[in-house]
Protein chains: 2
Amino acid sequence: MTRVLVVDDDPAIVRALVINLRARKYEVDSAEDGAGALRAAAARHPDVVVLDLGLPDTDGVDVIRRLREWSRVPILVLSARHASGEKVQALDAGADDYVTKPFGMDELLARLRAAVRRAEPADGGDVVVETGTFTVDLAAKKVHRDGRDVRLTPTEWHLLEALVRAGGRLVGQRQLLREVWGPSYGTETNYLRVYMAQLRRKLEADPSRPRHLITEPGMGYRFEK
Amino acid sequence: MTRVLVVDDDPAIVRALVINLRARKYEVDSAEDGAGALRAAAARHPDVVVLDLGLPDTDGVDVIRRLREWSRVPILVLSARHASGEKVQALDAGADDYVTKPFGMDELLARLRAAVRRAEPADGGDVVVETGTFTVDLAAKKVHRDGRDVRLTPTEWHLLEALVRAGGRLVGQRQLLREVWGPSYGTETNYLRVYMAQLRRKLEADPSRPRHLITEPGMGYRFEK
DNA sequence: CCGGTCCTTGACGCAACCCTGACGCGCGCG
DNA sequence: CGCGCGCGTCAGGGTTGCGTCAAGGACCGG
């Protein structure tokens with residue numbers, strides 16, 4: 001879950017933001033001055049900071065600078081000042097975006113999404129699924145087993161991907177055929193038999209007794225961790 | 001030097017931006033419609049795009065989406081519309097920032113600096129990638145091998161860069177073609193064969209048995225350390 | 001005007017992949 | 001008990017995809 005730190009000395013604005021963000025499944029912390037903001041940022045490591053420039057104790061730009069000394073968290077500045085000098089200062093100090101009050105909530109949320117989205121892929125969001133015998137990396141399109149890479153043909157990979165993406169649920173033969181071979185297929189269940197066998201030969205410890213690539217007779221197939 | 005692509009159908013705005021940017025030592029390209037923008041982006045690989053939403057040929061949001069299919073270049077949207085719906089659309093399509101006309105030049109420049117600054121370290125996590133046989137310096141655009149520089153042609157470099165930037169993930173042939181040759185390509189897989197062979201000849205210890213520039217038959221290519 | 005570099009394009013051989021048909025087996029049902 | 005059905009296995013043949021080489025043309029600098 002994405003964690004947001006909201007910093008503003010106006011309780012009304014904090015409340016409005018907290019309610020809106022929580023409703024959208026963000027995890028929200030808040031602070032009402034610069035010192036509290038820096039403390040909260042250090043303690044909670046938010047994924048994005050919404051920062052009002054007009055704080056009671058510190059100059060907002062100074063808060064940005066202090067934050068930037070050790071963190072790259074996206075900072076979205078909120079300010080009542082329209083003067084371009086303020087904006088330039090804040091942005092050059094390390095802010096990522098600058099929104100003037102009064103602001104539209106949906107615009108702010110969109111800017112927030114943009115800021116978070118940008119920061120994400122740096123971490124590397126590969127989806128890896130592990131079983132007792134092998135490992136599937138959906139992002140890298142790689143399969144690992146016993147410390148070695150397993151070579152899969154395109155069709156084999158598509159089939160495995162469709163099963164793994166289903167996340168343990170049963171996938172009907174029709175659906176499987178459509179996903180892998182295209183929408184005009186649906187009855188060629190022999191394809192499934194052949195390629196499931198090949199997958200099991202490459203991935204299962206005992207291909208004749210599959211533990212992860214399970215067939216549900218008459219219905220379809222299922223991937224189990 | 002930072003390369004900027006300016007897209008606007010109003011010559012006055014383009015001229016103003018070009019002059020201001022050039023004065024600040026940016027390298028500037030420009031386009032006046034969506035098609036030209038996509039072409040220029042593919043050909044020149046800008047570090048940031050300034051994009052007007054009101055283009056004559058294409059919907060601006062569509063340009064963003066097309067760009068995002070193959071590129072992560074920061075996009076700064078310029079628009080005369082203040083409606084928040086437009087902003088949300090553009091930002092969610094993949095834009096990084098949204099500025100309404102008329103805009104202050106210094107504010108725009110500050111937002112541009114912010115966008116570029118953000119993008120730099122994201123790519124530059126490991127600017128230098130080493131393998132057992134050769135070294136790729138993404139920042140300096142140089143390849144080292146056995147203590148000497150390897151001379152790569154522009155196309156060879158683009159291809160290598162696209163693979164290395166993927167960080168071990170498989171890159172599909174379509175995507176590779178689009179990133180290197182531009183969005184209008186996608187089926188010319190023979191290009192890939194020729195240039196992969198040249199890269200392997202220059203970089204692999206045994207070009208006929210590549211260890212780092214791997215082909216996954218029917219799917220794409222992969223760079224491995 | 002000439003030489004070199006780089007990109008594009010075509011042809012060819014070879015390996016790998018996809019499809020297909022045949023067979024065996026277990027199971028349920030008539 | 002015989003039969004049909006669904007599934008797993010195997011092997012062969014047509015086709016595709018990949019690597020390689022070489023030639024033609026555009027572009028640039030001398």
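Note on naming: letters A, B, ... go to the chains in the order of the sequence lines (proteins, then strands), and numbering restarts at 1 for each one.
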Could you give the CG-to-P distance, from L152(A) to dA16(C), as a whole number of Å? 15 Å

Y195(B) atom OH is separated from dC18(D) atom P, nearest whole Å, by 18 Å

Nearest whole Å is fine: how far is dG19(D) P from Q198(B) CD? 13 Å

Quick one, give me the B/S/- string for nucleotides 7-15 of chain D, reading 5' to 3', where B means a protein heavy atom under 4.0 Å from the base and S means that only happens at the primed atoms, P, OP1 or OP2. BBBB-----

Under 3.5 Å donor-acceptor, R3(A) side chain and D47(A) backbone: no

Starting at atom CH2 of W157(A), determine the distance to atom P of dC17(C), rounded to an integer number of angstrom. 16 Å

Residues that D62(B) engages under side-chain contact (heavy atoms from CB on, under 4.5 Å), provided they are two or more places apart: T58(B), D59(B), R65(B), R66(B)

For R222(B) and E216(B), indicate whether the former's side chain and the latter's backbone hold a donor-acceptor pair under 3.5 Å. no

Whole angstrom is fine here: how far is it from CD in E156(A) over to C1' in dA16(C)? 11 Å

Note, L176(B) side chain near L163(B) side chain (heavy atom, < 4.5 Å): yes

What pairs of residues pass the salt bridge (Lys or Arg N to Asp or Glu O under 4.0 Å) test when at least one of them lies in residues 86-109 of chain B, not counting sequence neighbours? K87(A)-E107(B), E107(A)-K87(B), R111(A)-D97(B), R113(A)-D92(B), R118(A)-D96(B), D8(B)-K101(B), D52(B)-K101(B), R68(B)-D96(B), R81(B)-E86(B), D97(B)-R111(B), E107(B)-R111(B)

Distance, rounded to the nearest Å, where L177(A) contributes CG and dC19(C) contributes P: 10 Å

Side-chain atoms of residues 139-162 of chain B: list all donor-acceptor pairs with protein atoms under 3.5 Å, sequence neighbours left out, distances to 0.1 Å.
{"from": "K142(B)", "atom 1": "NZ", "to": "D149(B)", "atom 2": "OD2", "distance (Å)": "3.4"}
{"from": "H144(B)", "atom 1": "NE2", "to": "D149(B)", "atom 2": "OD1", "distance (Å)": "2.9"}
{"from": "R145(B)", "atom 1": "NH1", "to": "K202(B)", "atom 2": "O", "distance (Å)": "2.8"}
{"from": "T153(B)", "atom 1": "OG1", "to": "E156(B)", "atom 2": "N", "distance (Å)": "3.3"}
{"from": "E156(B)", "atom 1": "OE1", "to": "T153(B)", "atom 2": "N", "distance (Å)": "2.9"}
{"from": "E156(B)", "atom 1": "OE1", "to": "K202(B)", "atom 2": "NZ", "distance (Å)": "2.7"}
{"from": "E156(B)", "atom 1": "OE2", "to": "K202(B)", "atom 2": "NZ", "distance (Å)": "3.4"}
{"from": "E161(B)", "atom 1": "OE2", "to": "R165(B)", "atom 2": "NH1", "distance (Å)": "2.4"}

Return no unless some side-chain N or O of T155(B) is found under 4.0 Å from OP1 or OP2 of dC7(C). yes

Y191(A) side-chain proximity, nearest of dT20(C), dT8(C), dC18(C): dT20(C)

T153(B) vs dT5(C): side-chain N/O to OP1/OP2 distance below 4.0 Å: no

Does R209(B) reach a base, just sugar-phosphate, or nothing at all? Heavy atoms under 4.0 Å. nothing

Please give the angle, rounded to 10 degrees, between the axes at the start and the end of the helix from dC1(C)-dG30(D) to dG30(C)-dC1(D), where five pairs define each axis. 20°

Separation of I214(A) atom CD1 from dG6(D) atom C1', in whole Å? 18 Å

For L17(B), which of V7(B), V4(B), L78(B), L112(B) qualifies under side-chain contact (heavy atoms from CB on, under 4.5 Å)? L78(B)

For dC7(C) and W181(B) - does any side-chain N or O of the residue sit under 4.0 Å from the phosphate oxygens OP1/OP2? no

For a quick test of your reading: what N or O donor-acceptor pairs under 3.5 Å do the side chains of residues 183-192 of chain A make, sequence neighbours left out?
{"from": "E188(A)", "atom 1": "OE1", "to": "G186(A)", "atom 2": "N", "distance (Å)": "3.1"}

Separation of R151(A) atom CZ from dC17(C) atom C1', in whole Å? 10 Å

Test your reading of the model: is there a side-chain donor-acceptor pair from E204(A) to the backbone of R211(A), 3.5 Å cut-off? yes

